[in-house]
Amino acid sequence: MSKDPTRFTRRSVAIGGGITVALGLAAVGINAPHWFRAKTAYDDLLDKLIDRDAAETVGHAIIRTASFDTKQVAADLRQRIGTRTLADVAREDLVGNRLIEAKGWVLPETLGMLCVVAAQPA
Amino acid sequence: MSAFIDARTVPAGTVLEPDLAIFGGGAVGIALALALAHSPISIMLFESGGMDFDAATQALYAGSQAGVKYLPLDACRMRYLGGSTNHWGGWSRPLDPIDFEKRDWVAHSGWPFGIETLRPYLPRAQSLCELGDWIYDEATPRMAALAPLLRLGEGGVYTSWFQFSKTRDDVLPTHFGTRYADDLKRIPNLRLYLHANATALKLNGNASGLESVAIATLSGRKFTVKPRTAVLAMGAIENARLMLASNVGNQNDLVGRYFADHPIPRDTATLVSFAGDIAGYYFNAGLLSATQIRATLAPTDAFKRSRKVLGSLTTIETPVEMDDLARAAVVTAAEAIGADASNAKAFSVGCGLELEPDPERRFVLTHERDALGLPRLKLINRVSDSDFLRYRETMKELGRQLLAAGTGMIRLNYDTRAEWESALDWGDHHLGTTRMHVDPKQGVVDADSKVHGLSNLFVAGSGVFPTYSASNPTLNLIALTLRLAGHLRKLPR
Ligand SMILES: Cc1cc2nc3c(=O)[nH]c(=O)nc-3n(C[C@H](O)[C@H](O)[C@H](O)COP(=O)(O)OP(=O)(O)OC[C@H]3O[C@@H](n4cnc5c(N)ncnc54)[C@H](O)[C@@H]3O)c2cc1C
C-alpha cells in the first residue's frame, strides 16, 4: 500500500504532555517581529505565511497539547505542498476533512503544521 | 358556555363515570379535549392547578436529583391550567424523518412508525401552537432574498429554521390555559375540573385494565373517577410518577427510565464571520408572512448517518470580543485561503442537543411524600461523553464548511467533560419516561400510546418519545396527541 502523502507521519505528531505545554507557554511573547527574524532552515515553508507573528501565536496554541518534531513536520510539509500554493493545499485539506485545532480554533491541517514550524523553527 | 368546576366543591366520595378521563390540563390535555369536542364521547378533564400559579400546588412537583446537575423539579414545569406552556419559549420545529428511524449508531433508537404517520396531524398542531404558516425550511430562499444566508461550503451542516408560537399582537407565545379557556368552556361534552389531582391509579381485578383513579384536592377533598378510557397527560415526569407510585404499567421495569431533555450548553463555540455582520435572522426571530422565524444550523440527515452523530440545533447568539489568539487564528486562516477578514466579527454560539436514549437516566420513587401523600421523585441524571463529542464533531464540520466557503471559522470552546458540564443548561423538554415500543419489554406504551397489557389506559406527551430528536417537542407531541384523539374517537363506548 502506498503512503498517503497528504497524511502527516506518526513520527511528526505525538500527543504531548505537560512539559511541552510549559515550554509552549514560555515561548509566547518572546518572538521577534517578522522583519528582524534570523534565517531558519524552514524559510522556504515559512515564507508561505503572510503574517508569521500570527502564525507563531497559532502554532504555540497547537503545541500546547501535542509535541512535534519540527524537522519531520517540515519534511512532511515539503512533500505535501510541493510546488502548489498554500491556498490550494488548505482547500484540499478542507475537502478531505484534514483539520487540526489550535486551542479549539479549527484550521486546515497543513496550515496548522506550518504554524507549528513557525512556533518552533529552531 | 359552562364554567370550569372547582374540585374542592365536589362532594367527598363522589364517583364520576365519564367515557374518557384526561388527567392533566397542559398542552396535551387541552389539545386532546379540543380535538374531541362535539364528539359523542363524554369527557372529563382533571387539572391539578387552577387558572393561576399557586405555590402550594407547584410544590407538589418538588423532588431531588443525583448525577449531572439538572433543574429543580419544581422549577422546570408549571402546575396550573396550560401546564408548562405558561412559561414555554414557543420555539418550534418538526421532527426530522431520521428521528423516527432505528439508527444503528444510537442505542435504543427508533419509533414504531415514520414521520408520515405524524405528518397529517402537524398542520392542526401548528395552528394550536399559533405558529403561523407552515414554512420552516421553505424559508431558506425567501429569507436569503432579504439578507444573505451564512455561506457554507458543501457538507454536513445547513441553515434550518425555527418558528415561534405567537398568541396575538405582541403577546407570545401561546399560553394554552388562558388562550383556550373559553373554547374549552364551550365544549358541550367536556367537564373540566380545576384543583383536581390524580393521586392513584387502580387496576381491575385481573389487572387487564384501569378501574378507577383517585382524585384529591389540597383542601382535603377526595373522590373517584371510573372512566371507560383514561389518558395520562400530566407531563413526562408526573405521568411516570403516578404510574410508579401506583405500580401500573411497570411490569418490565421501564417506567421512569430513558428520561431525556435537551442539554443546552452555553457558549459552546465562537463563530467568526470574516465579512463581519451576519443576517439578523440568525440572532433573533424575524417576521416572514406574519410568522416568527429564526435560523438555526443543523446537521443534515446524511451527515448524521455518515458521521454517526445525533441531532443538534445551533444558534448564533451575541457578538463577543476576540482575544489575541482569536485574531491570530483569523488572520492566519483568512490569509491562507485568500479571504478578506479585515472586518471580521466573532459571535458566541449556543445549541440544543439530542441525547442518546439511556435506561439509567431515570426517575425513581423516594420515601419522601408530598402534601397529598404521593412519593416524591428523584432524578438520576447522566450524560455520556459521546453525546458531547458527537456535537463537537458537528461543530467541527461547521468550521470546515465556513473555511471552505471562505466566509469564516469556528473555535470549539469545550474539550473536557468538566467544561461541558460547567456550561450546561437544559431545555425543560421532558422526554422518554414512558417510551413507545411495539415490544412490551422495550416500551411502556404501544404504537397507539396505550399502556402495554392494559385495555383502556393511554399516555400522551413527549414522555412516549422513544428517540428524542433535537427539535423542541411541543409541536410534535401535540401532533401525536391529535393522532391519539383520532384513535380514541373510534373506541367503543
Ligand atoms: C421554561 C420552559 C420553556 C419551554 N420552552 C419550550 C419551547 O420553546 N418549545 C417547546 O416545544 N417546548 C418548550 N417547553 C416544553 C413545553 O412546555 C412542554 O413540551 C409542554 O408544555 C408539554 O405539554 P404536556 O401537556 O405534556 O405537559 P404540561 O404542559 O406540563 O402539562 C401538564 C399538566 O398536568 C397537570 N398535572 C400535573 N400533575 C397532575 C396530577 N397529579 N393530576 C392532575 N393534573 C396534573 C399540571 O398542572 C399541568 O397543567 C418549555 C418548558 C418550560 C418549562
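Since the structure is predicted, the reported quantities are computational estimates derived from the model, not experimental observations. Below, chain A is the first sequence line, B the second, and so on; all start at residue 1.
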Residue A/Val89 versus chain B: region with a heavy atom under 4.5 Å: neither
At a 4.5 Å cut-off on heavy atoms, which part of A/Leu86 comes close to chain B: side chain, backbone, both, or neither? both
I need the residue from A/Leu99, A/Leu94, A/Leu111 with the largest number of non-hydrogen atom pairs under 4.5 Å to chain B. A/Leu94
Leading residue by heavy atom contact count with chain A [cutoff under 4.5 Å; candidates B/Ala329, B/Gly406, B/Gly338]: B/Ala329
Should we count CD of B/Glu138 as having more than 12 external heavy atoms under 6.0 Å? no
With chain A, which of B/Ala404, B/Ala333, B/Ala336 has the greatest number of heavy-atom pairs at distances under 4.5 Å? B/Ala336
Side-chain ion pair, B/Glu317 and B/Arg266, N-O less than 4.0 Å: no
What closest approach, in Å, do B/Leu95 and B/Tyr468 show between heavy atoms, and which atom pair accounts for it? CD2-O, 4.1 Å
Between B/Ile337, B/Asp415, B/Val331, B/Leu325, which has the largest tally of heavy atom pairs under 4.5 Å with chain A? B/Leu325
Indicate yes or no: does B/Asp104 engage B/Arg305 in a salt bridge with an N to O separation below 4.0 Å. no
Honestly, the part of B/Arg327 sitting under 4.5 Å from a heavy atom of chain A is neither
Got a salt bridge between A/Glu101 and B/Arg411, using NZ or NE/NH1/NH2 to carboxylate O under 4.0 Å? no
What residue in B/Gly155, B/Ala269, B/Ala326, B/Gly399 has the most heavy-atom pairs under 4.5 Å with chain A? B/Ala326
A/Asp47 and A/Arg52 ion-paired at < 4.0 Å: no
Would you mind checking if B/Glu393 and B/Lys308 are paired as a salt bridge, meaning a charged N to carboxylate O distance below 4.0 Å? no
If one checks every heavy atom of A/Ala102 against chain B at 4.5 Å, the contacting part turns out to be backbone
